[in-house]
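Residues take their numbers from the sequence shown, with the count starting at 1. Note that ligands are numbered from 1 as they come in the structure, with each ligand's atoms numbered from 1 the same way.
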Amino acid sequence: MLLLLGVCGLLFQIIKSRTFQFFGEIYPRIETQQKVVALTFDDGPTRKHTDEILSILREENVKATFYLTGSAIEENQGETEKLIAEGHEIGNHTYRHKQMILVTPGVIKNEIETTDELIKKAGYKGEITFRPPFGKKLFALPFYLSEHNRKTITWDVEPETFVERSEDIIKYTLENTKNGSIILLHVAFDRRAESMKSVRPIIKGLREKRFEFKTVSELLSIKN
Ligand SMILES: [Zn+2]
């Protein structure tokens, strides 16, 4: 009984680990001496909030990485095309944004490949990295990704997990970002207004600390 509890506890840690999975490459950040950082935004695109984040990034001259879901791409084709047209990187965040634990290999393949196709159909040409919904994975998902030479991208800075108000999100991010960090924010929904408000101050604050903004694949190429 104790052993079983122990095994379950360990599996639970592995499911939510940002730094370990059983197969393939996973990156919560990259090791580097350079002052580089990637801003990443999960979920969406949504009709209501894409223009706002785009205009902030345009004014600050930052290229970010957006992990989009296939279902939202389908609903908001125009927003997806705008993100691509402005030079942002697009990643795959599955089709339906369900936990990819205890699902069949067929479901995983379908969730990922349908979304890849939608991203390409919207005009995106670059490498498409993958980020699991909720950062969760166990056996079948990493196995699929590893078999298809896909990189799993997590994050090492997730301010929204610990604080709520914009000033705290900014402070937490500025204090915890290191060389090669990958920052996770959500700005696609109304309830994320505090995060949206934090984006510009985070960019300005990190620039003051001499950080340069890269997309995820630019970060990975520095590592290589
Ligand atoms: Zn998500």
So, is His186 placed with an N/O/S atom under 2.8 Å from the Zn ion (ligand 1), counting both backbone and side chain?
no

Give the intermediate values and the outcome of side-chain contact (heavy atoms from CB on, under 4.5 Å) for residues Arg96 and Thr69.
CA-CA 6 Å; Arg96 280 174 302 181; Thr69 61; over 6 Å; no

Tell me whether Arg191 forms a cation-pi arrangement with Phe189, defined as NZ or CZ under 6.0 Å from the six-membered ring centre and within 45 degrees of its axis.
yes

Glu164 side, atom CD; Ser195 side, atom OG - distance, nearest 0.5 Å:
10.0 Å

Among the N/O/S atoms of Asp43, which is closest to the Zn ion (ligand 1)? Give the atom name.
OD1

Angle subtended at the Zn ion (ligand 1) by NE2 of His93 and NE2 of His97, to 10 degrees?
90°

Please confirm whether His97 and Phe134 have ring centers closer than 6.0 angstrom.
yes

